[in-house]
Amino acid sequence: MYTTYRRYSSFENLLANTILRVFVWVIACITCFGNIFVIGMRSFIQSENKTHTMSIKILCCADCLMGVYLFFIGVFDVKYRGQYKKYALLWMESLQCRSLGFLAMLSTEVSVLLLTYLTLEKYLAIVFPFSNIRPGQRQTFIILMTIWVIGFIIAVVPFWNEDFFGNYYGKNGVCFPLYPDQTEEPGGKGYSLGIFLGVNLVAFIIIVFSYVSMFCSIQKTALQTSEIRSHIHMDVAVANRFFFIVFSDAVCWIPVFLLKILSLFHVEIPGTVTSWIVIFILPVNSALNPILYTLTTSFFKEKLKQLLHRQRRRSIFRNERKSLSTSLVWNEEPIVQHSNLKLGFLHKKTAGETNIKTT
């Protein structure tokens with residue numbers, strides 16, 4: 001069991017590398033605040049495509065869970081700093097470690113399934129632009145909730161039978177079932193391979209195939225009438241943006257697939273490699289998603305320009321009102337002074353006439 005936690009941790013610290021100890025906080029903050037910012041902006045800025053906005057918000061929630069997972073890994077790293085060797089087995093068997101593993105697995109699987117659904121949605125919109133296959137708001141909500149239920153089931157199944165799965169999430173210090181060891185039960189090992197090389201790899205292949213088909217369809221329709229091009233113009237722009245999301249997702253998942261394939265051949269992997277994949281490479285996709293699917297979109301840029309322009313007009317209007325009120329005050333002062341002089345003169349004249357009559 002000693003070699004189990006050594007694979008991901010050092011003798012004295014939960015996170016063996018100084019860079020990992022720093023970036024676990026950096027990526028956690030970027031992931032949480034970035035996704036919360038996108039949820040807030042998507043709620044504040046009204047969009048015509050409400051179903052797409054709802055899907056993006058749900059994806060942000062899933063990615064945000066990865067930031068929460070990293071945050072607590074950083075917290076427990078600080079807690080056990082300098083004495084991790086003493087508490088390693090206690091930590092890996094604790095409820096906190098298993099809960100964090102469940103949270104990371106839930107975030108990972110929901111994010112993968114959501115990206116697959118969003119890709120298929122764009123595939124139908126571009127390859128079959130005039131079909132009525134697109135789901136409505138109610139159908140989209142049901143699909144999104146179903147994805148969360150599937151992700152929850154995938155993450156919670158290892159808790160149902162500990163004799164079969166073993167301590168599925170407690171095989172290493174970061175509580176993520178990425179690389180099996182000699183002590184892992186066959187059930188847990190098979191389940192991990194089935195998830196990563198089954199569900200996730202199939203989802204990745206579907207995404208790649210869909211985008212290849214979309215770009216082939218775009219090339220074929222490029223020479224057709226302008227009406228068709230204008231009809232799919234918006235969907236093409238969205239598809240291009242999601243291509244970069246999928247690309248970043250592939251960059252994060254290909255090392256995981258390779259690691260799982262190597263584990264089938266019992267290839268020994270250095271501990272530093274697995275640590276970098278679990279802490280740095282895997283969650284970085286959740287940190288990049290807010291930038292890719294909201295902050296760099298033409299829709300967001302246009303809405304931001306309109307918001308800044310409206311704010312600028314309000315500021316100019318306030319300054320004009322302020323300067324106008326100031327000028328009115330200055331113009332009223334001579335009038336008031338002239339009125340006071342006139343009233344004083346009339347008062348003196350009246351007093352003088354009263355004295356003459358008296359005498």
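Fair warning: this is a prediction, and the values are worked out from it, not measured in the lab.
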Would I147 and I39 show up in the same hydrophobic cluster when neighbours are defined by side-chain heavy atoms closer than 4.5 Å? no

Flag, side chain of S107 to backbone of L103, donor-acceptor distance under 3.5 Å: no

Let me confirm one number: the CD1-CZ distance from I27 to F280, rounded to the nearest 0.5 Å. 5.0 Å

So do C61 and N35 actually touch side chain to side chain, heavy atoms under 4.5 Å? no

Short side-chain donor-acceptor distance under 3.5 Å, S263 and K189: no

Rounded to the nearest 0.5 Å, what's the gap from CD1 on I143 to OH on Y117? Could you check? 4.0 Å

So, S192 side chain and G188 main chain: donor-acceptor pair closer than 3.5 Å or not? no

Heavy-atom pair with the smallest gap, counting every atom of M105 and F176: N-CE1, 4.2 Å

Take the angle between the ring planes of Y123 and F209 and call it parallel below 30°, perpendicular above 60°, tilted in between. tilted

Measuring centre to centre across the rings, with the benzene-like ring taken for any Trp, is Y169 within less than 6.0 Å of F159? yes

Would you sort out whether T119 and M214 count as a side-chain contact (heavy atoms from CB on, under 4.5 Å), showing the intermediate values? CA-CA 10 Å; T119 302; M214 278 189 279; 4.3 Å; yes

Find the distance between CE (M145) and CD1 (I150) and round it off to the nearest 0.5 Å. 12.0 Å

Where W91 and G173 come nearest, the two heavy atoms and their spacing: NE1-O, 2.8 Å

Under 2.5 Å between the SG atoms of C175 and C97: is that the case? yes

I'd like to know if the side chain of N200 reaches the main chain of V112, judged simply by a donor and an acceptor atom lying under 3.5 Å from each other, with no hydrogens or angles considered. no

Look only at the side chain of R42 and the backbone of T53, and say whether a donor-acceptor pair between them is shorter than 3.5 Å. no

Minimum side-chain heavy-atom gap I36-C64 below 4.5 Å: yes

Using modelled atom types and a 3.5 Å cut-off, is there a donor and acceptor pairing between side-chain atoms of D77 and backbone atoms of I73? no

For the residue pair L114 and I58, establish whether any side-chain heavy-atom pair is separated by less than 4.5 Å. yes

Taking a hydrophobic cluster as the set of Ile, Leu, Val, Met, Phe, Trp and Tyr residues connected by side-chain heavy atoms closer than 4.5 Å, whether directly or through intermediates, do I261 and I254 fall within one such cluster? yes

Shared hydrophobic cluster, V68 / V78 (ILVMFWY, side-chain heavy atoms < 4.5 Å): yes

With the side chain counted from C-beta on, respond yes when F257 and L197 share a heavy-atom pair under 4.5 Å apart, and no when they do not. yes

What are the two closest heavy atoms between K79 and Q83, and how far apart are they? O-NE2, 3.8 Å

Check V199 against E109 and note the closest heavy-atom contact, atom names and distance. CG1-OE1, 4.1 Å

Kindly assign one of parallel, tilted or perpendicular to the pair F76 and F72, based on the angle between their ring planes and the thresholds 30° and 60°. tilted

Output, in order, the C-alpha distance, side-chain angles, deciding distance and verdict of side-chain contact (heavy atoms from CB on, under 4.5 Å) for T140 and H52. CA-CA 9 Å; T140 301; H52 178 71; over 6 Å; no

Are I207 and F204 packed together at the side-chain level, in the sense that at least one heavy-atom pair is separated by less than 4.5 angstrom? no

Nearest 0.5 Å, what's the OG-CG distance between S99 and L106? 12.0 Å

Same cluster (ILVMFWY, side-chain, under 4.5 Å), L115 and V202: no

Given the rule in the side-chain contact (heavy atoms from CB on, under 4.5 Å) test, do V251 and I281 qualify, once you have shown the distances and angles that lead to the verdict? CA-CA 8 Å; V251 170; I281 297 179; 5.8 Å; no

Heavy-atom side-chain proximity of V157 to Y168 below 4.5 angstrom: no

Can you name the closest pair of heavy atoms from A104 and M66 and give their distance? O-CE, 3.9 Å

Validation row: W253, T108 side chains within 4.5 angstrom (heavy atoms): yes

At what distance, to the nearest 0.5 angstrom, does CG of L288 lie from OG1 of T31? 8.5 Å

Can you find a heavy atom in the side chain of S43 that is under 4.5 Å from one in the side chain of K57? yes

Tell me the closest heavy-atom pair linking G67 and A28, and the distance in Å. O-CB, 3.6 Å

Under a single-linkage definition using a 4.5 Å side-chain heavy-atom cutoff for Ile, Leu, Val, Met, Phe, Trp and Tyr, are I195 and I206 assigned to the same hydrophobic cluster? no

I126 CD1 to S210 OG distance, which is reported to the nearest 0.5 Å: 10.5 Å

Do the ring centers of F152 and F102 come within less than 6.0 Å of each other? yes

Taking Y191 for the side chain and I154 for the main chain, is one N or O donor matched with an acceptor at less than 3.5 Å? yes

